[in-house]
There are 2 protein chains.
Amino acid sequence: MDQLTVENGVQNVLQLPATDDEFGGVVVEMKEHMDSDVFRTLLKTSMSQWKLQGKKGVWIKLPIDLSNLVDAAVKEGFKYHHAEPTYLMLLYWIPKTLCPIPANASHIARVGAIVLNDKGEMLVVQEKMGILRGVWKISTGIIHKGEDITVGVVREVKEETGVDTEFVEVLAFSQEHNVFFGKSEVLFLCMMRPLSFEIQIQETEIEAAQWMPLEEYAAQLAVQEQGLREYITALCKAKAERGYSGFSPFPVTTDSNGNPSYIYLKKEDLNKNICNK
Amino acid sequence: MDQLTVENGVQNVLQLPATDDEFGGVVVEMKEHMDSDVFRTLLKTSMSQWKLQGKKGVWIKLPIDLSNLVDAAVKEGFKYHHAEPTYLMLLYWIPKTLCPIPANASHIARVGAIVLNDKGEMLVVQEKMGILRGVWKISTGIIHKGEDITVGVVREVKEETGVDTEFVEVLAFSQEHNVFFGKSEVLFLCMMRPLSFEIQIQETEIEAAQWMPLEEYAAQLAVQEQGLREYITALCKAKAERGYSGFSPFPVTTDSNGNPSYIYLKKEDLNKNICNK
């Protein structure tokens with residue numbers, strides 16, 4: 001009876017179409033256009049039912065072309081949970097207890113590429129916009145939705161500089177807060193091996209790119225990222241002179257689509273152990 | 001003239017209140033209640049002005065109690081950018097070029113705590129809900145908004161088990177996709193030193209907690225996290241027997257609120273270098 005049926009022009013207002021989730025809640029995925037008053041009436045009836053049934057969280061997913069229904073859901077007590085360009089997800093937590101449902105994703109994942117050639121020169125770029133304009137810096141970029149770190153960093157270097165690279169390891173990572181609309185950021189500093197050397201810049205975002213001696217890179221005075229720049233220089237030297245080793249990826253589990261996940265760790269001390277298990 | 005003025009009951013419909021952002025766009029933060037038709041008329045007028053002025057991105061931030069304005073903004077061509085429980089942010093990218101503004105945060109940051117006592121026992125819990133119910137696992141939890149990894153992991157262990165701990169280092173991290181509404185997750189596996197040993201569980205989420213010999217933990221058959229469990233066991237052994245070293249935090253820069261950021265790296269090979277610069 002989880003259907004809205006229309007017979008002979010008479011609406012049998014029953015309940016919004018909903019599916020159970022695995023945590024004792026229900027999910028309403030609205031797909032068809034509906035008058036906002038009809039929606040609000042249906043929602044009231046449905047909520048009463050779900051409360052009687054002891055449901056916990058009630059989710060409503062509204063595609064952006066059903067934005068006429070947002071106000072009705074909010075008026076019925078729903079809060080926003082998250083939004084993407086094409087939809088808005090609302091949540092109503094029925095129990096009196098504190099809602100244990102995780103908030104929206106809180107972190108942006110970014111990669112920074114440390115690409116060194118055989119002459120000890122590093123691949124650097126100047127961006128066209130932003131606070132680091134005019135400063136030589138490593139290629140950085142935001143990881144796409146669902147993209148592995150190892151893939152995203154190769155893509156970013158190729159896009160910005162035209163240089164083909166191979167992922168070696170994560171040398172370090174940093175965590176910074178309040179980067180973008182109150183969200184935090186994790187930046188993975190990746191050691192990359194160049195597979196080509198000719199530079200062809202991405203005209204829209206990049207002003208210039210070049211292979212630059214490490215000393216020259218280190219000597220720049222860029223207050224905004226002074227700390228990070230010092231660590232990047234130190235990491236390059238430690239890698240070259242003292243065999244600094246970062247974290248390398250190993251496949252862990254497989255999600256329902258058959259895609260492997262990766263764990264990043266220091267392989268030298270672990271390989272034997274994993275092999276001997 | 002960026003004001004909506006009301007004089008003698010007559011609205012001088014001019015333009016929505018807006019401030020310039022640093023990327024050539026404008027930000028409209030709606031705060032006062034407004035009729036949705038008035039809002040739509042104002043928005044139309046304002047958009048014409050902003051287009052003439054060569055503005056790029058137009059942002060509208062709508063608190064949840066102004067949900068009556070969502071539909072009007074969408075009808076004028078705005079897309080959702082992101083939402084938090086108390087507000088919705090919409091975006092209109094005026095130029096014909098591809099919108100370079102980063103999408104919403106894509107990653108959940110989670111911590112897992114590896115807490116070992118002097119007898120080689122590990123602190124493990126059983127959760128009350130979820131696919132790992134009935135399985136002994138390490139304490140894990142989602143990092144709060146704006147929370148450092150080193151702080152979040154101490155909080156999680158204390159909340160779930162009552163045990164006080166001290167952060168030692170990040171032994172490894174993993175990246176997994178499609179974890180929660182299509183978002184990805186980074187899990188930081190943290191080595192923790194116990195400062196207390198008495199267990200007091202969090203009744204709402206945790207079924208049980210105990211100090212368990214590592215062999216016993218490793219021997220459990222939990223298909224859902226088999227891969228990760230093997231790596232955790234191997235990491236513990238590598239740490240105890242072969243001096244495996246992970247990444248330790250060092251302060252990098254300071255944001256506008258005076259909070260330091262941290263870079264996580266392998267300190268042994270780097271300390272001298274940073275000190276000698």
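Side chains included, hydrogens not; waters and symmetry mates left out as well; all remaining heavy atoms used.
Contact check for Lys266(B) versus Phe247(A): no side-chain heavy atoms found under the 4.5 Å cut-off. Contact check for Leu171(B) versus Leu265(A): no side-chain heavy atoms found under the 4.5 Å cut-off. The closest side-chain heavy-atom distance from Ile263(B) to Leu228(A) is below 4.5 Å.
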- request: In sequence, state the C-alpha distance, the side-chain angles, and the governing distance for Val186(A) and Phe173(B), and then conclude on side chain to side chain contact (heavy atoms under 4.5 Å, CB included).
  value: CA-CA 12 Å; Val186(A) 178; Phe173(B) 65 85; over 6 Å; no
Is there a side chain to side chain contact (heavy atoms under 4.5 Å, CB included) between Leu88(B) and Leu88(A)? Walk through the geometry before answering.
CA-CA 9 Å; Leu88(B) 175 63; Leu88(A) 175 63; 3.9 Å; yes
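Proximity to chain B is absent for every atom of Leu69(A), based on heavy atoms less than 4.5 angstrom apart. Lys239(B) does not touch chain A: none of its heavy atoms, backbone or side chain, sits under 4.5 Å away. For a residue to count as touching a neighbouring chain, one of its non-hydrogen atoms must lie under 4.5 Å from one of that chain's; by this rule Leu66(B) does not touch chain A. Looking at Phe180(B), the atoms closer than 4.5 Å to chain A (heavy atoms on both sides) all sit in the side chain, from C-beta outward. The contact between Glu147(A) and chain B is made entirely by backbone atoms, counting heavy-atom distances below 4.5 Å. Both the backbone and the side chain of Val170(B) come within less than 4.5 Å of a heavy atom in chain A. Only the side chain of Lys75(A) comes within less than 4.5 Å of a heavy atom in chain B; its backbone stays farther off. There is no contact between Pro249(A) and chain B, counting heavy-atom distances below 4.5 Å.
Among the candidates Gly182(B), Ala109(B), Ser106(B), Gly146(B), the residue making the largest number of heavy-atom pairs closer than 4.5 Å to chain A is Gly146(B). Ranked by heavy-atom pairs under 4.5 Å with chain B, the list Ala105(A), Ala72(A), Ser36(A) is led by Ala105(A). Chosen from Ser184(B), Ala73(B), Ser174(B), the residue pairing most often with chain A at heavy-atom distances under 4.5 Å is Ser174(B). Of the listed residues (Glu205(B), Lys183(B), His81(B), His82(B)), the greatest number of heavy-atom pairs within a distance under 4.5 Å of chain A belongs to His82(B). Across Pro251(B), Ala172(B), Gly246(B), Gly24(B), the residue that shares the most heavy-atom pairs under 4.5 angstrom with chain A is Ala172(B). Top candidate by heavy-atom pairs under 4.5 Å with chain A, chosen from Asp148(B), Asp65(B), Ile142(B), is Asp148(B). When each of Tyr264(A), Phe78(A), Tyr262(A) is scored by its heavy-atom pairs under 4.5 Å with chain B, the top score falls to Tyr264(A).
The side-chain contact (heavy atoms from CB on, under 4.5 Å) with Asn68(A) is formed by just one residue from the set Val70(B), Asp71(B), Val74(B); it is Asp71(B).
For the atom pair OH of Tyr87(B) and CZ of Phe181(A), the computed distance is 7.0 Å after rounding to the nearest 0.5 Å.
Salt bridge status for Glu84(A) with Lys79(B): absent, with no side-chain N to carboxylate O gap under 4.0 Å.
Applying the ring-ring contact (aromatic ring centres under 6.0 Å, His included) rule to Tyr80(A) yields no partners; only residues at least two apart in sequence or on another chain are considered. Checked against side-chain hydrogen bond (donor to acceptor under 3.5 Å, both in side chains), Lys145(A) has no partners two or more places apart in sequence or in another chain.
Residue Lys128(B) places its NZ atom among more than 12 non-hydrogen atoms of other residues, nucleotides or ligands, all under 6.0 Å distant.
Judged by distance alone, with hydrogens and angles left aside, the side-chain atoms of Gln175(A) form a donor-acceptor pair with the main-chain N or O of Ile149(B) at under 3.5 Å.
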